[in-house]
*Asks:* 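Right, I'll just put the structure down here and ask away after.
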Amino acid sequence: MRIARFSIDGNVAFGAVEGDKQDELVLDIIKGIPFADYELSGTKVPVGKVRLLPPVLPNKVVAFGRNYGEHARELGNEVPDAPFAFFKPSTSVIGPGDEIQYPPFSQELHHEAELAVVIGRMCREVPRERVQDVIFGYTCANDVTARDVQKREKQWARAKGFDTSCPLGPWVETDLDLATASDLTVQLTVNGEQRQLGRTSEMIHSIEDLIVNISEAMTLLPGDVILTGTPAGVGPLNVGDEVAVTIEGIGTLTNKVVKRG
């Protein structure tokens with residue numbers, strides 16, 4: 001099931017996405033919230049008549065860097081022996097169609113297409129054999145990075161945590177199991193030109209590795225998001241660019257870059 005979060009007439013709700021053709025998609029409005037008991041209302045609205053929002057509002061976004069060998073090497077970095085985590089604040093999250101605001105303190109903004117894992121229930125110290133149980137589903141993400149700031153500052157809070165640096169969407173796909181999610185095509189285009197193309201099977205540390213690693217240290221809450229790393233091909237974004245992340249079996253997340261101001 002594809003579950004979207006949307007607004008219509010000033011109200012915010014979740015809905016199950018039905019249909020295959022983009023111009024024929026409809027939302028069956030959900031009674032309740034998808035992280036608890038819910039049911040479909042049977043009240044349906046065309047996707048074209050709503051504004052899609054970030055599919056979740058995470059308490060935290062835990063991102064893992066350098067989790068694809070070719071990406072680590074393209075930036076001159078060593079491949080880490082263990083998962084390498086950092087955070088993006090909740091204020092960095094935007095949804096499909098929202099604008100990525102080019103931060104005024106950077107002159108080198110980069111795209112990074114990523115598979116995002118959405119946590120479905122509160123958990124801590126998750127054993128490897130229980131990882132599937134704590135996953136709600138998967139969505140597309142773009143770990144937008146101020147690369148020049150990342151290079152000159154010792155930690156990445158500003159480089160990867162600025163407002164609008166974490167587009168998520170367009171919805172959460174809940175029907176993928178771990179085996180399937182671990183071998184999906186991830187691609188990114190800028191103005192229709194392909195920049196990144198890889199597969200989640202190229203990850204150095206698996207989805208299980210990442211969730212076991214971070215849950216050893218902290219409690220994960222429903223709606224928290226895990227970013228699993230980006231394949232090679234990262235590159236610059238400029239004001240006016242349209243950037244699209246497409247992940248097999250999930251969908252396409254599209255955003256435009258604008259000047260902040």
*Asks:* So, taking the atom named CG in D241 and the one named CG in N255, what distance separates them when rounded to the nearest 0.5 Å?
*Replies:*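 Here the rounded value is 12.0 Å.
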*Asks:* When you measure from the side chain of S182 to the backbone N and O of S201, does any donor-acceptor pair fall under 3.5 Å?
*Replies:*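 Side chain of S182 to backbone of S201: no pair is present.
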*Asks:* Decide, yes or no, whether a salt bridge links E202 with R199 under the criterion of side-chain N to carboxylate O below 4.0 Å.
*Replies:* no
*Asks:* Could you check whether R130 pairs with D133 (Lys NZ or Arg NE/NH1/NH2 to Asp/Glu carboxylate O, under 4.0 Å)?
*Replies:* yes
*Asks:* Between K31 and E39, is there a side-chain N and carboxylate O pair less than 4.0 Å apart?
*Replies:*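 A salt bridge links K31 with E39.
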*Asks:* Q150: what forms a side chain to side chain contact (heavy atoms under 4.5 Å, CB included) with it, not counting sequence neighbours?
*Replies:*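 Partners of Q150 under the side chain to side chain contact (heavy atoms under 4.5 Å, CB included) test: T145, R147, W156, A159, K160.
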*Asks:* Are E173 and T139 linked by a side-chain donor-acceptor pair shorter than 3.5 Å?
*Replies:*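 No, no side-chain donor-acceptor contact under 3.5 Å.
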*Asks:* If two hydrophobic side chains count as joined below 4.5 Å and joins carry through other members, does I214 share a cluster with L178?
*Replies:* yes
*Asks:* Can D209 and R128 be said to form a salt bridge (charged side-chain N to carboxylate O under 4.0 Å, His left out), step by step?
*Replies:* CA-CA 8 Å; D209 293 336; R128 180 174 296 273; 2.6 Å; yes
*Asks:* Indicate yes or no for a side-chain donor-acceptor contact from S165 to the backbone of F162 under 3.5 Å, with no hydrogens or angles considered.
*Replies:*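 Such a contact is found between S165 side chain and F162 backbone.
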*Asks:* Does anything in residues 98-130 form a ring pair (Phe, Tyr, Trp, His ring centres under 6.0 Å)? List the pairs, not counting sequence neighbours.
*Replies:*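 Output for this query is empty, none listed.
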*Asks:* Could you tell me whether R260 atom CZ has more than 12 heavy atoms of other residues or ligands within 6.0 Å of it?
*Replies:* yes
*Asks:* For the pair D224 (side chain) and L221 (backbone), establish whether a donor and an acceptor sit closer than 3.5 Å, ignoring hydrogens and angles.
*Replies:* yes
*Asks:* Considering residues, nucleotides and ligands other than M122, do more than 12 of their heavy atoms fall under 6.0 Å from its CE?
*Replies:* no
*Asks:* Keeping N142 on the side-chain end and P167 on the backbone end, is there a donor-acceptor pair under 3.5 Å?
*Replies:* no
*Asks:* Transitively linked via ILVMFWY side-chain contacts under 4.5 Å: V93 with L220?
*Replies:*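 No, V93 does not connect to L220 through the hydrophobic network.
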*Asks:* With a 4.5 Å cut-off on side-chain heavy-atom distances among I, L, V, M, F, W and Y, is there a chain of contacts connecting L53 to I100?
*Replies:* no
*Asks:* By the definition side-chain contact (heavy atoms from CB on, under 4.5 Å), identify the one residue from D177, I207, V126 that meets it with I135.
*Replies:* I207
*Asks:* Under the 3.5 angstrom rule, does the side chain of T246 hit a backbone N or O of T252 as a donor-acceptor pair?
*Replies:*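 Here the side-chain-to-backbone pair does not exist.
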*Asks:* Could you walk me through whether E248 and T185 pass side chain to side chain donor-acceptor pair (under 3.5 Å), step by step?
*Replies:* CA-CA 5 Å; E248 178 185 1; T185 300; 3.3 Å; yes
*Asks:* For D37, I'd like to know if atom CG has over 12 heavy atoms of other residues, nucleotides or ligands within 6.0 Å.
*Replies:* no
*Asks:* Are L227 and I204 co-members of a hydrophobic cluster defined by side-chain heavy atoms under 4.5 Å apart?
*Replies:* no
*Asks:* Please determine whether the number of non-hydrogen atoms from other residues, nucleotides or ligands lying under 6.0 Å from atom CG of D81 exceeds 12.
*Replies:* no
*Asks:* Any side-chain donor-acceptor pair under 3.5 Å between R124 and S215?
*Replies:*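 Not at all, the side chains of R124 and S215 share no donor-acceptor pair under 3.5 Å.
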*Asks:* Just how far is it from atom CZ of F64 to atom CE of M203, taken to the nearest 0.5 Å?
*Replies:* 11.0 Å
*Asks:* Do the side chain of N67 and the main chain of T228 share a donor and acceptor less than 3.5 angstrom apart?
*Replies:* yes
*Asks:* Does L52 belong to the same Ile/Leu/Val/Met/Phe/Trp/Tyr cluster as V45, with side-chain heavy atoms less than 4.5 Å apart forming each link?
*Replies:*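 Result: yes, single cluster for both.
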*Asks:* With the threshold set at 4.0 Å, does a side-chain nitrogen-carboxylate oxygen contact exist between R51 and D98?
*Replies:* yes
*Asks:* Scan residues 13-41 for pairs that pass ring pair (Phe, Tyr, Trp, His ring centres under 6.0 Å), counting only residues two or more places apart or in two chains.
*Replies:* F35-F136
*Asks:* Quick one: does any side-chain atom of T164 pair with a main-chain N or O of Q101 as donor and acceptor, under 3.5 Å?
*Replies:*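 Confirmed, T164 side chain pairs with Q101 backbone.
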*Asks:* Can you check whether A157's main-chain N or O pairs, donor with acceptor, with Q155's side chain at less than 3.5 Å?
*Replies:* yes
